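In this text the structure is predicted, and so the values were computed from the model without any measurement. Hydrogens, waters and symmetry mates are skipped; everything else that's a heavy atom, side chains included, is used. Here is the naming used below: chain letters follow the sequence lines, and residue numbers restart at 1 for every chain.
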Amino acid sequence: MSEQNVLNEITEPTSLSELETMRHSCAHVMAHAISRLWPEAKFGIGPTVEDGFYYDVDLPVKLVPEDLKKIEKEMNRIIGSGQEFVRREHTIEEALGKFKAMNQPFKVEIIETLRDQFGATSVSTYSEGEFTDLCRGPHVERASKIKAFKLMSLAGAYWRGSEKNPMLQRIYGTAFSTQEALDEHLNLLEEAKRRDHRKLGKELDLFAFHPEAPASPFFHPKGTIVYNRLVQYVRDMYAYYGYDEVITPQIFDTVLWKTSGHYENYKDDMFFVAKGKDADAQDREFAVKPMNCPASTYIFSAHKRSYRDLPLRLADFGRLHRNELSGVTAGLTRVRTFCQDDAHVYCTMDQIESEIGKIMDMVVKSYTLFDFKVDELELFLSTRPEKRIGSDEVWDRAEGALKNILDNLGRPYGLDEGGGAFYGPKIDIKVKDALRRKWQLATVQLDFNLPERFDCSYVGSDNIAHRPVVIHKAVLGSLERFLGVFIEHCAGAFPFWLAPVQCRLIPITEAHIPFCEEMGKRLKELGIRFEMDSRNEKMGLKTREAQMAKIPLMLVAGDREMSEGAFAVRNYGAKDSQTLKIDEILAQMKEWNDKPRAPFRD
RNA sequence: GCUGAUGUAGCUCAGGGGUAGAGUACUCCCUUGGUAAGGGAGAGGUCGUGGGUUCAAAUCCCAUCAUCAGCUCCA
């Protein structure tokens with residue numbers, strides 16, 4: 001949480017839901033319990049978060065997981081005693097005196113900040129019995145209203161989110177209005193562990209990591225099939241929407257990055273490579289690309305462009321490298337090498353709205369295909385960050401244009417103040433997965449700076465040179481990240497069209513192998529990815545292994561099937577199978593396999 | 001990068017100052033079996049890496065690398 005957010009947490013008028021109110025009170029009860037167990041405890045802040053609450057505390061002891069039980073016990077005592085939450089108003093001076101006397105330096109600091117930066121003249125406190133905390137509320141009337149809670153985990157967190165400050169111990173907890181709701185939440189967390197894409201990636205042999213290439217995935221054959229299938233899907237989409245794919249270099253003279261502004265903004269996160277070999281290139285410094293956009297301007301400017309060429313949509317699956325801090329990488333969701341379904345649309349001011357409309361269309365069609373709930377998409381307008389290039393007028397125009405589009409879209413959207421890219425504002429789109437977790441995938445960015453910096457122009461119908469606008473788009477976002485998120489969304493059970501192995505043929509005995517091999521030929525003709533399990537093993541084992549590999553279809557053949565020209569078909573996850581004629585099976589497979597192309601036929 | 005935890009066989013993990021363990025996967029043999037584990041035998045590890053302490057280190061200490069959780073960051 002940024003410092004600004006921390007302060008908002010303290011100063012802004014609150015409108016917490018009933019559940020949030022209870023969680024917030026629960027955080028207070030936790031602080032109360034901690035102060036009983038460790039009277040020297042110094043408290044930071046204790047807000048509610050997405051799934052619960054936390055409190056940051058400075059303690060003389062290092063907490064261990066068993067301490068959570070101890071704190072819970074003490075909390076239960078407090079809740080059992082049914083203490084009331086009593087609100088009091090204090091002048092700043094009163095409050096400062098009070099918290100100084102209580103030896104609560106962080107609270108004193110908060111009060112001073114409220115006074116000095118926000119001009120507060122009074123603050124409020126809440127007391128439950130002997131424990132008093134600085135807080136604007138609201139709270140439940142009494143502690144006994146807290147129904148079902150659990151302390152979840154321990155973590156370190158810097159005071160006010162700055163690594164220059166001391167690190168406090170953060171205790172995370174959650175609370176629900178019923179025990180059932182709490183249990184359901186805990187079950188979701190368990191399920192999330194089972195679906196962890198890092199675990200499934202290993203189990204399904206999709207990808208792996210190696211210490212010599214930290215945070216950089218090795219895609220094994222099966223993972224590569226899925227990856228390439230995603231790319232193919234995006235290419236099919238490009239054919240429909242009129243995008244041209246290009247391939248651009250991997251390494252550039254840093255002059256390019258100085259022109260684009262990446263050098264000054266992201267130098268520390270770029271990989272630099274050896275200097276040039278030629279005498280006259282000795283002083284040239286080269287860097288691996290962290291982004292595709294500057295390269296696309298050279299393709300735009302390769303010709304004298306006319307307004308008739310616009311919109312020019314250049315797609316680039318270029319591999320990007322970013323030297324991320326070691327602590328921020330995680331599985332496929334944050335890596336040092338990745339590629340995006342990246343494209344840059346060069347267009348006129350008048351074309352911005354229809355182009356972004358088309359991109360939104362791609363987003364909706366894609367997320368529908370991947371079985372994300374489209375009516376649960378969350379849109380955000382991310383505006384100018386502190387670290388940025390370009391004049392305020394340019395930013396005003398770009399933000400205004402995106403705001404217009406969002407207003408006309410007729411969907412609610414949030415504002416992410418300061419969340420834009422350094423070269424332009426964006427529309428970020430978050431999806432909810434099957435476990436109701438939110439992920440940011442798609443992004444649409446409006447850029448008036450790049451064409452300026454690289455002096456892109458086109459000739460208008462007035463025969464005068466004009467500056468085009470660039471729209472950056474990614475629908476799936478980073479393919480690595482998308483794959484990670486989607487693996488967890490589908491629990492590793494890929495839809496038929498995307499599965500690395502779509503079908504496993506299982507002859508019951510040796511005698512049925514030729515029959516299965518015949519079917520194999522038909523599948524190959526159809527382009528179906530299949531395997532045959534002709535091992536000398538029993539059906540129980542073969543079934544188990546096919547199910548554990550999450551293969552969408554099992555086709556089993558024994559004497560019965562051979563005599564009927566059929567297979568016993570079992571879908572992944574189904575309890576039993578049904579016997580279908582070979583032609584029926586092939587027709588069904590063809591339909592499923594073509595599913596991703598269906599939305600792009602007129 | 002910061003704080004903390006973890007690192008033992010391909011995988012999942014146990015153990016622990018005195019010659020390295022299980023399950024599973026793998027190889028071979030037996031089994032011709034109808035929808036979630038048939039039986040047997042065998043092979044497989046400098047206990048992440050580098051130092052130190054010790055008669056002796058996989059075990060203790062230090063450093064380092066990687067991973068995980070959280071913080072900060074995410075063009």
Side-chain angles (χ1 to χ4, degrees), chain A residues 1-3 54 56 62-65 152-172 196 198-199 202-203 205 208-215 257 260-270 289-294 320 322-331 333-336 338 340 342 385 387-389 419-424 426 440 443 445 447 450 472 474 477-478 481 506-513 535-549 554-561 568-570 573-577:
Chain A
M1 191 185 290
S2 73
E3 174 155 357
Y54 67 81
D56 286 345
K62 171 98 194 101
L63 293 177
V64 293
M152 305 298 294
S153 60
L154 292 164
Y158 299 107
W159 167 237
R160 287 185 152 187
S162 166
E163 59 187 353
K164 293 183 192 78
N165 289 334
M167 183 167 273
L168 308 179
Q169 303 193 60
R170 175 168 296 180
I171 304 155
Y172 282 97
D196 189 315
R198 292 166 294 202
K199 184 170 174 284
K202 223 182 262 180
E203 286 171 6
D205 197 20
F209 291 87
H210 198 277
E212 262 71 61
W257 309 112
S260 69
H262 289 94
Y263 194 88
E264 73 182 278
N265 283 286
Y266 290 100
K267 185 177 186 291
D268 292 344
D269 293 334
M270 287 168 63
K289 68 176 167 188
M291 273 207 109
N292 292 312
C293 19
L320 308 179
R322 297 181 183 177
N323 197 359
E324 304 281 7
L325 288 173
S326 60
V328 307
T329 59
T333 53
R334 190 89 177 266
V335 289
R336 292 211 176 93
F338 61 102
Q340 301 169 304
D342 197 7
K387 225 172 142 185
R388 63 176 180 265
I389 57 174
F422 73 86
Y423 46 73
K426 9 179 221 178
Q440 201 237 298
T443 184
Q445 309 174 354
D447 190 346
L450 185 76
H472 307 241
S478 141
R481 182 179 161 81
I506 303 182
I508 289 177
T509 73
E510 240 167 39
H512 312 111
I513 291 178
R535 291 176 306 166
N536 182 9
E537 294 292 351
K538 302 217 161 99
M539 269 313 293
L541 185 83
K542 291 186 179 186
T543 302
R544 175 182 153 84
E545 292 191 354
Q547 293 296 309
M548 290 205 311
M554 246 173 75
L555 299 188
V556 179
D559 288 341
R560 285 204 299 274
E561 288 75 19
V569 181
R570 175 162 162 168
K575 286 273 173 290
D576 39 38
S577 59

Practice task
Look at A/Arg535 and B/G38 and indicate whether a side-chain polar atom (N or O) is within less than 4.0 Å of OP1 or OP2.
Solution key: no
Problem - Side-chain heavy-atom pair A/Val556, A/Lys542 within 4.5 angstrom cut-off - result: no
Practice task
Could you give the distance separating B/G17 and B/A56 at their C1' atoms, to the nearest angstrom?
Solution key: 7 Å
Practice task
Rounded to whole angstrom, note down the P distance from B/G39 over to B/A25.
Solution key: 11 Å
Exercise for the section: Select base, sugar-phosphate, or nothing to describe what A/Ser260 touches, counting heavy atoms under 4.0 Å on all strands. Expected result: nothing
Exercise for the section: Could you tell me whether A/Gly540 contacts a base, only the sugar-phosphate backbone, or nothing, with contacts defined as non-hydrogen atoms closer than 4.0 Å? Expected result: sugar-phosphate
Exercise for the section: Check the pair A/Phe338 / A/Arg322 against side-chain contact (heavy atoms from CB on, under 4.5 Å), numbers first and verdict last. Expected result: CA-CA 9 Å; A/Phe338 61 102; A/Arg322 297 181 183 177; 3.6 Å; yes
Handout entry: Side chain of A/Tyr172 (C-beta onward), nearest among B/G38, B/A75, B/G70
Key = B/G70
Practice task
Using the C1' atom as the reference point in each nucleotide, state the distance between B/A43 and B/C28 in Å, no decimals.
Solution key: 10 Å
Exercise for the section: State whether A/Ser326 places a side-chain N or O below 4.0 Å from either non-bridging phosphate oxygen (OP1 or OP2) of B/G1. Expected result: yes
Handout entry: Side chain to side chain, A/Tyr423 and A/Met291, heavy atoms closer than 4.5 Å
Key = yes
Practice task
Quick one: label A/Pro290 by what it contacts on the DNA or RNA (base, sugar-phosphate, nothing), any heavy atom closer than 4.0 Å.
Solution key: base
Write down the protein N/O and nucleotide N/O pairs, taken from nucleotides 40-45 of chain B, whose separation is under 3.5 Å; answer none if there are no such pairs.
none

Handout entry: Side-chain donor/acceptor contact of A/Arg334 with base of B/C73 under 3.5 Å
Key = yes
Practice task
Give RNA chain B the dot-bracket treatment, 5' to 3': Watson-Crick (N1-N3 with N6-O4 or O6-N4) or G-U (N1-O2, O6-N3) under 3.5 Å, [ ] crossing, | other strand.
Solution key: (((((((..((((....[..)))).(((((.......))))).....(((((..]....))))))))))))....
Exercise for the section: Ignoring backbone atoms, test whether A/Arg170 places a side-chain nitrogen or oxygen under 4.0 Å from the OP1 or OP2 oxygen of B/A69. Expected result: no
Practice task
Determine the contact category for A/Ala568: base if any of its heavy atoms lies under 4.0 Å from a base atom, sugar-phosphate if only primed atoms, P, OP1 or OP2 are that close, otherwise nothing.
Solution key: base
Exercise for the section: Examine the base of B/G4 for any acceptor or donor lying under 3.5 Å from a partner atom in the side chain of A/Gln169, and report the outcome as yes or no. Expected result: no
Practice task
Using the C1' atom on both, measure B/C60 against B/U53 and round to a whole Å.
Solution key: 8 Å
Exercise for the section: Can you tell me, in whole Å, how much space there is between the P of B/A41 and that of B/U24? Expected result: 12 Å
Practice task
Please measure how far the P atom in B/U67 lies from the corresponding atom in B/U12, and state the result in whole Å.
Solution key: 15 Å
Could you list, one pair per line, each protein nitrogen or oxygen that sits under 3.5 Å from a nitrogen or oxygen of nucleotides 5-13 of chain B, together with the distance?
| from | atom 1 | to | atom 2 | distance (Å) |
| --- | --- | --- | --- | --- |
| B/U12 | OP1 | A/Lys202 | NZ | 2.9 |

Practice task
For B/A58 and B/U49, measure between their P atoms and round to the nearest Å.
Solution key: 10 Å
